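Just so it is clear: chains get the letters A, B, ... in the order the sequence lines come, proteins before strands, and each one is counted from 1. Bear in mind the structure is a predicted one, so any value in this text is a computation, not a measurement. Atoms considered below: every heavy atom in the structure, side chains included; atoms not considered: hydrogens, waters and symmetry mates.
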Amino acid sequence: MKMLISQDWLQRRIDSDPWVDTDAGAPIAVLTSLGMFIAPELLGDTAERPERASYSFGVFIRQLRRRDSLTIEALAKKARVDADELRQIEHDPHFRARPRLVHQLSSLFKIPERSMMTLAGAMVANDNRIEEAAERFAAMSDDMSKLTRDERKLLNDFVKFLSEEAR
Amino acid sequence: MPAQPLATYKLLDRQRGEQVELSLWQPVDDRHARDFEEHWRPVFDEHLAKIEAEGGDIDSAVALRNIQDAHWEWARKAHAIQGRLDWQSFAVEADGVTQGLMFVRTQGFARELSQLGKPLALIELLATAPWNRPTLVPVARFKGIGRLLLAAAISLSVHEEFAGRIGLHALPQAESWYRDVCGMTDLGIDQTRMRYFEMTEAQARAFLE
(Lines give C-alpha, C1' and ligand atoms only; values in the text may rest on other atoms or scores of the structure.)
Protein backbone atom coordinates (compact mmCIF):
# COMPACT_ATOMS: atom_id res chain seq x y z
CA MET A 1 0.00 0.00 0.00
CA LYS A 2 1.24 3.48 -0.86
CA MET A 3 0.41 6.64 1.09
CA LEU A 4 -1.22 9.18 -1.21
CA ILE A 5 -0.11 12.27 0.70
CA SER A 6 3.14 14.20 0.84
CA GLN A 7 4.91 15.93 3.72
CA ASP A 8 4.04 19.26 2.16
CA TRP A 9 0.32 18.41 1.88
CA LEU A 10 0.18 17.28 5.50
CA GLN A 11 1.92 20.39 6.78
CA ARG A 12 -0.28 22.77 4.77
CA ARG A 13 -3.47 21.08 5.89
CA ILE A 14 -2.48 20.91 9.53
CA ASP A 15 -1.65 24.61 9.52
CA SER A 16 -5.19 25.50 8.48
CA ASP A 17 -7.04 22.78 10.43
CA PRO A 18 -8.92 23.68 13.61
CA TRP A 19 -7.51 21.89 16.63
CA VAL A 20 -10.37 19.57 17.58
CA ASP A 21 -10.84 15.95 18.63
CA THR A 22 -10.89 13.54 15.69
CA ASP A 23 -11.72 10.23 17.38
CA ALA A 24 -14.01 7.76 15.66
CA GLY A 25 -15.39 4.28 16.27
CA ALA A 26 -18.37 2.65 17.88
CA PRO A 27 -17.79 0.80 21.17
CA ILE A 28 -16.58 -2.77 20.76
CA ALA A 29 -19.64 -4.14 22.58
CA VAL A 30 -21.87 -2.59 19.92
CA LEU A 31 -19.71 -3.89 17.06
CA THR A 32 -19.72 -7.35 18.60
CA SER A 33 -23.51 -7.32 18.91
CA LEU A 34 -23.70 -6.42 15.22
CA GLY A 35 -21.55 -9.46 14.35
CA MET A 36 -18.34 -7.64 13.42
CA PHE A 37 -16.14 -10.00 15.42
CA ILE A 38 -15.81 -13.67 15.97
CA ALA A 39 -14.64 -14.56 19.48
CA PRO A 40 -10.88 -15.28 19.48
CA GLU A 41 -11.48 -18.75 20.98
CA LEU A 42 -13.40 -19.66 17.84
CA LEU A 43 -10.58 -18.64 15.54
CA GLY A 44 -8.64 -21.86 16.10
CA ASP A 45 -4.93 -22.07 15.82
CA THR A 46 -4.21 -24.68 13.20
CA ALA A 47 -1.85 -23.06 10.73
CA GLU A 48 -2.79 -25.30 7.84
CA ARG A 49 -6.50 -24.44 7.91
CA PRO A 50 -6.31 -21.21 5.84
CA GLU A 51 -4.04 -22.94 3.34
CA ARG A 52 -6.48 -25.81 2.84
CA ALA A 53 -9.37 -23.36 2.53
CA SER A 54 -7.45 -21.34 -0.07
CA TYR A 55 -6.75 -24.48 -2.08
CA SER A 56 -10.45 -25.42 -2.02
CA PHE A 57 -11.41 -21.86 -2.99
CA GLY A 58 -8.98 -22.04 -5.95
CA VAL A 59 -10.49 -25.34 -7.14
CA PHE A 60 -14.00 -23.91 -6.76
CA ILE A 61 -13.23 -20.81 -8.85
CA ARG A 62 -11.51 -22.94 -11.50
CA GLN A 63 -14.55 -25.23 -11.76
CA LEU A 64 -16.96 -22.30 -11.99
CA ARG A 65 -14.79 -20.83 -14.73
CA ARG A 66 -14.72 -24.11 -16.61
CA ARG A 67 -18.47 -24.54 -16.21
CA ASP A 68 -18.94 -21.17 -17.93
CA SER A 69 -16.24 -21.93 -20.53
CA LEU A 70 -14.22 -18.85 -19.61
CA THR A 71 -10.49 -18.35 -19.94
CA ILE A 72 -8.76 -16.64 -17.01
CA GLU A 73 -8.50 -13.46 -19.08
CA ALA A 74 -12.19 -13.59 -20.00
CA LEU A 75 -13.20 -14.13 -16.36
CA ALA A 76 -10.91 -11.29 -15.23
CA LYS A 77 -12.53 -8.97 -17.76
CA LYS A 78 -16.06 -10.02 -16.82
CA ALA A 79 -15.45 -9.71 -13.08
CA ARG A 80 -13.31 -6.58 -13.49
CA VAL A 81 -10.42 -8.11 -11.55
CA ASP A 82 -6.76 -8.72 -12.21
CA ALA A 83 -5.99 -11.84 -14.29
CA ASP A 84 -2.75 -12.49 -12.38
CA GLU A 85 -4.63 -12.54 -9.09
CA LEU A 86 -7.07 -15.07 -10.56
CA ARG A 87 -4.14 -17.25 -11.65
CA GLN A 88 -2.75 -17.08 -8.13
CA ILE A 89 -6.10 -18.01 -6.62
CA GLU A 90 -6.26 -21.09 -8.83
CA HIS A 91 -2.66 -22.21 -8.47
CA ASP A 92 -1.16 -20.87 -5.24
CA PRO A 93 -2.65 -22.19 -1.96
CA HIS A 94 -0.65 -19.56 -0.05
CA PHE A 95 -2.30 -16.72 -1.93
CA ARG A 96 -4.96 -14.80 -0.01
CA ALA A 97 -7.59 -13.21 -2.23
CA ARG A 98 -8.43 -9.63 -1.35
CA PRO A 99 -12.00 -8.95 -0.16
CA ARG A 100 -12.73 -6.79 -3.20
CA LEU A 101 -11.81 -9.64 -5.57
CA VAL A 102 -13.96 -12.11 -3.61
CA HIS A 103 -16.82 -9.60 -3.73
CA GLN A 104 -16.52 -9.29 -7.53
CA LEU A 105 -16.44 -13.06 -8.05
CA SER A 106 -19.32 -13.59 -5.68
CA SER A 107 -21.44 -11.03 -7.59
CA LEU A 108 -20.55 -12.52 -10.96
CA PHE A 109 -21.20 -16.16 -10.02
CA LYS A 110 -24.17 -15.21 -7.80
CA ILE A 111 -22.77 -17.03 -4.77
CA PRO A 112 -23.63 -15.52 -1.36
CA GLU A 113 -20.78 -13.23 -0.39
CA ARG A 114 -20.60 -14.42 3.21
CA SER A 115 -20.00 -18.02 2.09
CA MET A 116 -17.44 -16.93 -0.49
CA MET A 117 -15.57 -14.83 2.08
CA THR A 118 -15.44 -17.80 4.44
CA LEU A 119 -14.29 -20.08 1.66
CA ALA A 120 -11.59 -17.62 0.60
CA GLY A 121 -10.34 -17.38 4.17
CA ALA A 122 -11.24 -13.70 4.39
CA MET A 123 -13.84 -14.35 7.07
CA VAL A 124 -14.00 -16.86 9.90
CA ALA A 125 -17.18 -18.89 10.31
CA ASN A 126 -18.67 -20.10 13.57
CA ASP A 127 -18.20 -23.70 12.48
CA ASN A 128 -16.16 -25.59 9.91
CA ARG A 129 -19.04 -26.82 7.76
CA ILE A 130 -18.16 -24.70 4.73
CA GLU A 131 -14.46 -25.54 4.94
CA GLU A 132 -15.15 -29.24 5.32
CA ALA A 133 -17.63 -29.30 2.43
CA ALA A 134 -15.17 -27.32 0.31
CA GLU A 135 -12.38 -29.79 1.03
CA ARG A 136 -14.60 -32.72 0.05
CA PHE A 137 -15.58 -30.85 -3.10
CA ALA A 138 -11.94 -30.06 -3.98
CA ALA A 139 -10.83 -33.64 -3.36
CA MET A 140 -13.47 -35.01 -5.74
CA SER A 141 -12.90 -32.43 -8.48
CA ASP A 142 -10.70 -33.41 -11.36
CA ASP A 143 -8.89 -30.97 -13.58
CA MET A 144 -10.00 -31.81 -17.08
CA SER A 145 -10.57 -29.20 -19.72
CA LYS A 146 -14.34 -29.61 -19.71
CA LEU A 147 -16.56 -30.50 -16.80
CA THR A 148 -17.91 -34.03 -16.88
CA ARG A 149 -21.53 -34.64 -15.99
CA ASP A 150 -20.54 -35.83 -12.50
CA GLU A 151 -18.31 -32.81 -11.95
CA ARG A 152 -21.09 -30.49 -13.03
CA LYS A 153 -23.47 -32.15 -10.54
CA LEU A 154 -20.84 -31.95 -7.80
CA LEU A 155 -20.29 -28.25 -8.55
CA ASN A 156 -24.01 -27.48 -8.62
CA ASP A 157 -24.55 -29.31 -5.32
CA PHE A 158 -21.73 -27.31 -3.72
CA VAL A 159 -23.12 -24.00 -5.01
CA LYS A 160 -26.51 -25.00 -3.58
CA PHE A 161 -24.89 -25.84 -0.23
CA LEU A 162 -23.16 -22.42 -0.08
CA SER A 163 -26.44 -20.66 -0.85
CA GLU A 164 -28.24 -22.57 1.88
CA GLU A 165 -25.45 -21.91 4.39
CA ALA A 166 -25.84 -18.18 3.82
CA ARG A 167 -29.55 -18.19 4.76
CA MET B 1 5.78 -6.79 11.91
CA PRO B 2 7.53 -5.12 8.96
CA ALA B 3 11.05 -3.82 9.63
CA GLN B 4 10.28 -0.51 7.93
CA PRO B 5 7.38 1.85 8.52
CA LEU B 6 4.90 2.45 5.73
CA ALA B 7 5.83 6.15 5.66
CA THR B 8 7.45 8.87 7.76
CA TYR B 9 6.43 12.50 8.20
CA LYS B 10 7.79 15.40 10.23
CA LEU B 11 5.42 17.22 12.57
CA LEU B 12 5.94 20.02 15.04
CA ASP B 13 6.21 18.81 18.61
CA ARG B 14 4.46 21.73 20.28
CA GLN B 15 5.70 20.80 23.75
CA ARG B 16 9.37 20.79 22.71
CA GLY B 17 9.02 23.38 19.95
CA GLU B 18 10.85 21.30 17.33
CA GLN B 19 10.12 19.13 14.30
CA VAL B 20 9.97 15.42 15.13
CA GLU B 21 9.83 12.44 12.76
CA LEU B 22 6.65 10.36 13.02
CA SER B 23 6.44 6.90 11.48
CA LEU B 24 3.29 5.21 10.23
CA TRP B 25 3.20 1.44 10.78
CA GLN B 26 0.96 -1.18 9.24
CA PRO B 27 -0.10 -3.47 10.86
CA VAL B 28 -0.26 -2.59 14.54
CA ASP B 29 2.26 -4.49 16.65
CA ASP B 30 1.94 -5.76 20.23
CA ARG B 31 4.08 -2.83 21.41
CA HIS B 32 1.47 -0.37 20.11
CA ALA B 33 -1.30 -2.20 21.94
CA ARG B 34 0.86 -2.18 25.11
CA ASP B 35 1.20 1.59 24.84
CA PHE B 36 -2.53 1.88 25.51
CA GLU B 37 -1.94 0.40 28.92
CA GLU B 38 1.46 1.78 29.78
CA HIS B 39 1.35 5.30 28.35
CA TRP B 40 -2.21 6.29 27.44
CA ARG B 41 -4.09 4.98 30.43
CA PRO B 42 -2.16 6.87 33.15
CA VAL B 43 -2.92 10.19 31.41
CA PHE B 44 -6.63 9.38 31.30
CA ASP B 45 -6.53 8.26 34.94
CA GLU B 46 -4.80 11.47 35.97
CA HIS B 47 -7.37 13.55 34.12
CA LEU B 48 -10.28 11.64 35.61
CA ALA B 49 -8.85 12.02 39.12
CA LYS B 50 -8.57 15.76 38.51
CA ILE B 51 -12.19 16.05 37.39
CA GLU B 52 -13.24 14.11 40.47
CA ALA B 53 -11.12 16.19 42.85
CA GLU B 54 -12.42 19.43 41.42
CA GLY B 55 -16.02 18.20 41.45
CA GLY B 56 -16.10 18.58 37.66
CA ASP B 57 -19.08 17.67 35.59
CA ILE B 58 -20.11 14.04 35.50
CA ASP B 59 -20.86 14.00 31.75
CA SER B 60 -17.24 14.83 30.86
CA ALA B 61 -15.96 12.19 33.26
CA VAL B 62 -18.31 9.55 31.85
CA ALA B 63 -17.38 10.45 28.25
CA LEU B 64 -13.70 10.22 29.11
CA ARG B 65 -14.14 6.95 30.95
CA ASN B 66 -15.96 5.53 27.90
CA ILE B 67 -13.09 6.51 25.58
CA GLN B 68 -10.58 4.98 27.95
CA ASP B 69 -12.56 1.74 28.22
CA ALA B 70 -12.89 1.61 24.43
CA HIS B 71 -9.12 1.93 24.02
CA TRP B 72 -8.48 -0.79 26.55
CA GLU B 73 -10.91 -3.15 24.79
CA TRP B 74 -9.32 -2.43 21.42
CA ALA B 75 -5.88 -3.16 22.85
CA ARG B 76 -7.16 -6.61 23.80
CA LYS B 77 -8.89 -7.05 20.45
CA ALA B 78 -5.83 -6.05 18.38
CA HIS B 79 -4.22 -9.46 18.77
CA ALA B 80 -7.38 -11.31 17.72
CA ILE B 81 -7.65 -9.52 14.40
CA GLN B 82 -3.96 -9.70 13.49
CA GLY B 83 -3.57 -11.63 10.24
CA ARG B 84 -7.24 -11.27 9.30
CA LEU B 85 -7.65 -10.35 5.64
CA ASP B 86 -10.72 -8.25 6.29
CA TRP B 87 -9.00 -5.99 8.88
CA GLN B 88 -6.09 -3.59 8.56
CA SER B 89 -4.46 -1.69 11.40
CA PHE B 90 -2.19 1.35 11.56
CA ALA B 91 -0.13 3.02 14.27
CA VAL B 92 1.61 6.38 14.33
CA GLU B 93 4.77 6.42 16.41
CA ALA B 94 7.12 9.16 17.62
CA ASP B 95 10.06 8.71 19.98
CA GLY B 96 9.11 5.01 20.29
CA VAL B 97 5.66 5.81 21.69
CA THR B 98 2.30 5.32 19.97
CA GLN B 99 0.67 8.65 19.08
CA GLY B 100 -2.40 7.30 17.30
CA LEU B 101 -4.06 4.06 16.24
CA MET B 102 -6.55 3.00 13.63
CA PHE B 103 -8.38 -0.24 12.86
CA VAL B 104 -10.09 -0.53 9.48
CA ARG B 105 -12.38 -3.23 8.12
CA THR B 106 -12.11 -3.68 4.36
CA GLN B 107 -15.38 -5.47 3.98
CA GLY B 108 -17.92 -2.71 4.35
CA PHE B 109 -20.54 -1.53 1.91
CA ALA B 110 -21.60 2.04 1.25
CA ARG B 111 -24.94 3.44 2.44
CA GLU B 112 -24.80 6.88 0.82
CA LEU B 113 -27.22 6.93 -2.14
CA SER B 114 -24.74 7.85 -4.89
CA GLN B 115 -22.52 4.88 -3.95
CA LEU B 116 -25.04 2.55 -2.31
CA GLY B 117 -23.78 -1.03 -2.05
CA LYS B 118 -20.28 -0.31 -3.32
CA PRO B 119 -17.41 -1.67 -1.21
CA LEU B 120 -15.68 0.73 1.16
CA ALA B 121 -13.16 0.79 3.99
CA LEU B 122 -14.81 1.14 7.41
CA ILE B 123 -12.82 2.84 10.14
CA GLU B 124 -13.81 0.95 13.28
CA LEU B 125 -11.43 2.87 15.54
CA LEU B 126 -9.42 6.05 15.09
CA ALA B 127 -7.82 7.15 18.32
CA THR B 128 -5.21 9.73 19.25
CA ALA B 129 -3.04 9.58 22.35
CA PRO B 130 -4.42 11.63 25.26
CA TRP B 131 -1.50 14.09 25.17
CA ASN B 132 -2.45 14.95 21.57
CA ARG B 133 -6.02 15.90 22.52
CA PRO B 134 -6.59 19.62 22.86
CA THR B 135 -9.51 18.95 25.20
CA LEU B 136 -7.34 17.03 27.67
CA VAL B 137 -4.03 18.86 27.96
CA PRO B 138 -3.22 22.60 27.92
CA VAL B 139 -0.60 22.22 25.16
CA ALA B 140 -1.29 19.16 23.04
CA ARG B 141 1.88 17.67 21.60
CA PHE B 142 1.14 16.77 17.96
CA LYS B 143 -1.56 18.28 15.80
CA GLY B 144 -2.65 16.29 12.74
CA ILE B 145 -2.55 12.67 13.92
CA GLY B 146 -6.26 12.28 13.02
CA ARG B 147 -5.72 13.80 9.57
CA LEU B 148 -2.73 11.54 8.92
CA LEU B 149 -4.68 8.42 9.91
CA LEU B 150 -7.68 9.47 7.80
CA ALA B 151 -5.35 9.92 4.82
CA ALA B 152 -4.02 6.40 5.49
CA ALA B 153 -7.59 5.03 5.44
CA ILE B 154 -8.27 6.73 2.09
CA SER B 155 -4.96 5.41 0.72
CA LEU B 156 -5.98 1.93 1.87
CA SER B 157 -9.37 2.33 0.19
CA VAL B 158 -7.67 3.28 -3.08
CA HIS B 159 -5.25 0.36 -2.70
CA GLU B 160 -8.21 -2.01 -2.24
CA GLU B 161 -9.76 -0.51 -5.39
CA PHE B 162 -12.56 1.13 -3.39
CA ALA B 163 -11.78 4.49 -5.03
CA GLY B 164 -11.21 6.28 -1.72
CA ARG B 165 -14.62 5.44 -0.26
CA ILE B 166 -14.57 5.24 3.55
CA GLY B 167 -17.11 5.18 6.37
CA LEU B 168 -16.93 5.79 10.13
CA HIS B 169 -18.87 6.56 13.30
CA ALA B 170 -17.67 9.85 14.78
CA LEU B 171 -17.47 10.52 18.49
CA PRO B 172 -19.80 13.43 19.37
CA GLN B 173 -16.94 15.89 19.86
CA ALA B 174 -15.47 14.97 16.44
CA GLU B 175 -18.65 15.22 14.34
CA SER B 176 -17.95 18.73 13.05
CA TRP B 177 -14.41 17.69 12.08
CA TYR B 178 -15.62 14.95 9.76
CA ARG B 179 -18.59 16.91 8.39
CA ASP B 180 -17.23 20.46 8.07
CA VAL B 181 -13.49 20.00 7.65
CA CYS B 182 -13.14 16.60 5.97
CA GLY B 183 -16.26 17.09 3.85
CA MET B 184 -17.85 13.73 4.62
CA THR B 185 -21.58 13.11 4.22
CA ASP B 186 -23.51 12.94 7.49
CA LEU B 187 -25.94 9.99 7.28
CA GLY B 188 -27.40 10.49 10.74
CA ILE B 189 -27.46 8.37 13.87
CA ASP B 190 -27.72 4.63 13.18
CA GLN B 191 -28.12 1.45 15.23
CA THR B 192 -24.80 2.07 17.01
CA ARG B 193 -26.37 5.26 18.46
CA MET B 194 -23.55 7.23 16.88
CA ARG B 195 -23.50 9.51 13.85
CA TYR B 196 -22.34 7.70 10.72
CA PHE B 197 -20.31 9.52 8.03
CA GLU B 198 -19.26 8.45 4.57
CA MET B 199 -16.71 9.81 2.12
CA THR B 200 -17.50 9.40 -1.55
CA GLU B 201 -14.94 9.03 -4.32
CA ALA B 202 -15.28 12.74 -5.18
CA GLN B 203 -14.98 13.75 -1.52
CA ALA B 204 -11.85 11.61 -1.16
CA ARG B 205 -10.32 13.34 -4.19
CA ALA B 206 -11.14 16.73 -2.68
CA PHE B 207 -9.67 15.70 0.67
CA LEU B 208 -6.39 14.68 -0.95
CA GLU B 209 -6.08 17.85 -3.08
Student: Check whether Phe109(B) gets within reach of chain A through its side chain, its backbone, both or neither, counting any heavy atom under 4.5 Å.
Tutor: side chain
Student: Looking only at heavy atoms, what is the nearest atom pair of Gln11(A) and Leu11(B), with distance?
Tutor: OE1-CD2, 4.4 Å
Student: Identify the two heavy atoms, one from Thr22(A) and one from Gly146(B), that lie closest to each other, and give their separation to 0.1 Å.
Tutor: OG1-CA, 3.4 Å
Student: Can you pull out the residues in residues 71-79 of chain A with any heavy atom less than 4.5 Å from chain B?
Tutor: none
Student: Could you look at Asp82(A) and say if it's the side chain, the backbone, both or neither that has a heavy atom under 4.5 Å from chain B?
Tutor: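 Contact with chain B involves no heavy atom of Asp82(A) at all.
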Student: Between Arg147(B) and Asp17(A), what is the shortest heavy-atom contact and its length?
Tutor: NE-OD2, 2.5 Å
Student: Let's test your reading of the structure: which of Pro119(B), Ala170(B), Ala140(B) forms the most heavy-atom pairs below 4.5 Å with chain A?
Tutor: Ala140(B)
Student: Using a heavy-atom cutoff of under 4.5 Å, enumerate the residues of residues 200-209 of chain B that contact chain A, numbered in order, or state 'none'.
Tutor: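 Interface residues of residues 200-209 of chain B: Ala206(B), Phe207(B), Leu208(B), Glu209(B).
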Student: Is a donor on one side and an acceptor on the other found under 3.5 Å between the side chain of Lys10(B) and the backbone of Gln7(A)?
Tutor: no
Student: Within a reach of under 6.0 Å around CZ of Arg80(A), are more than 12 heavy atoms found that belong to other residues, nucleotides or ligands?
Tutor: no
Student: Can you name the closest pair of heavy atoms from Leu4(A) and Ser155(B) and give their distance?
Tutor: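 Smallest heavy-atom distance, with atoms named: N-OG, 3.0 Å.
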Student: So, do Asp23(A) and Arg133(B) sit near enough that their side-chain heavy atoms are less than 4.5 Å apart?
Tutor: yes
Student: Counting only non-hydrogen atoms closer than 4.5 Å, does Ala7(B) touch chain A with its backbone (N, CA, C, O), its side chain (CB onward), both, or neither?
Tutor: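 Answer is side chain: those atoms of Ala7(B) sit under 4.5 Å from chain A.
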Student: Minimum heavy-atom separation for Pro134(B) and Trp19(A), please, with both atom names.
Tutor: CG-CD1, 3.3 Å
Student: CE/Met1(A) to CG/Leu24(B) distance, rounded to the nearest 0.5 angstrom?
Tutor: 6.5 Å
Student: Shorter than 4.5 Å, heavy atoms on both sides: which option in Leu6(B), Leu12(B), Ile123(B) has the most such pairs with chain A?
Tutor: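 Highest number of pairs under 4.5 Å: Leu6(B).
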Student: Among Glu160(B), Gln88(B), Arg195(B), Met102(B), single out the residue with the greatest number of heavy-atom pairs under 4.5 Å to chain A.
Tutor: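 So the answer, after comparing Glu160(B), Gln88(B), Arg195(B), Met102(B), is Glu160(B).
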Student: Measure the CD-NE2 distance between Glu161(B) and His103(A) for me, rounded to the nearest 0.5 Å.
Tutor: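 If I round to the nearest 0.5 Å, the distance is 11.5 Å.
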Student: Can you tell which part of Tyr178(B) gets under 4.5 Å to a heavy atom of chain A, answering side chain, backbone, both or neither?
Tutor: side chain
Student: How many angstroms lie between CG in Leu171(B) and CG in Asp21(A), if you round to the nearest 0.5 Å?
Tutor: 8.0 Å
Student: Heavy-atom distance under 4.5 Å to chain A: side chain of Asn132(B), backbone, both or neither?
Tutor: backbone
Student: What part of Leu168(B) lies closer than 4.5 angstrom to a heavy atom of chain A: side chain, backbone, both or neither?
Tutor: side chain
Student: Could you state the interatomic distance from CE (Met3(A)) to CD1 (Ile154(B)), rounded to the nearest 0.5 Å?
Tutor: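 Interatomic distance, Met3(A) CE to Ile154(B) CD1, rounded to 0.5 Å: 9.0 Å.
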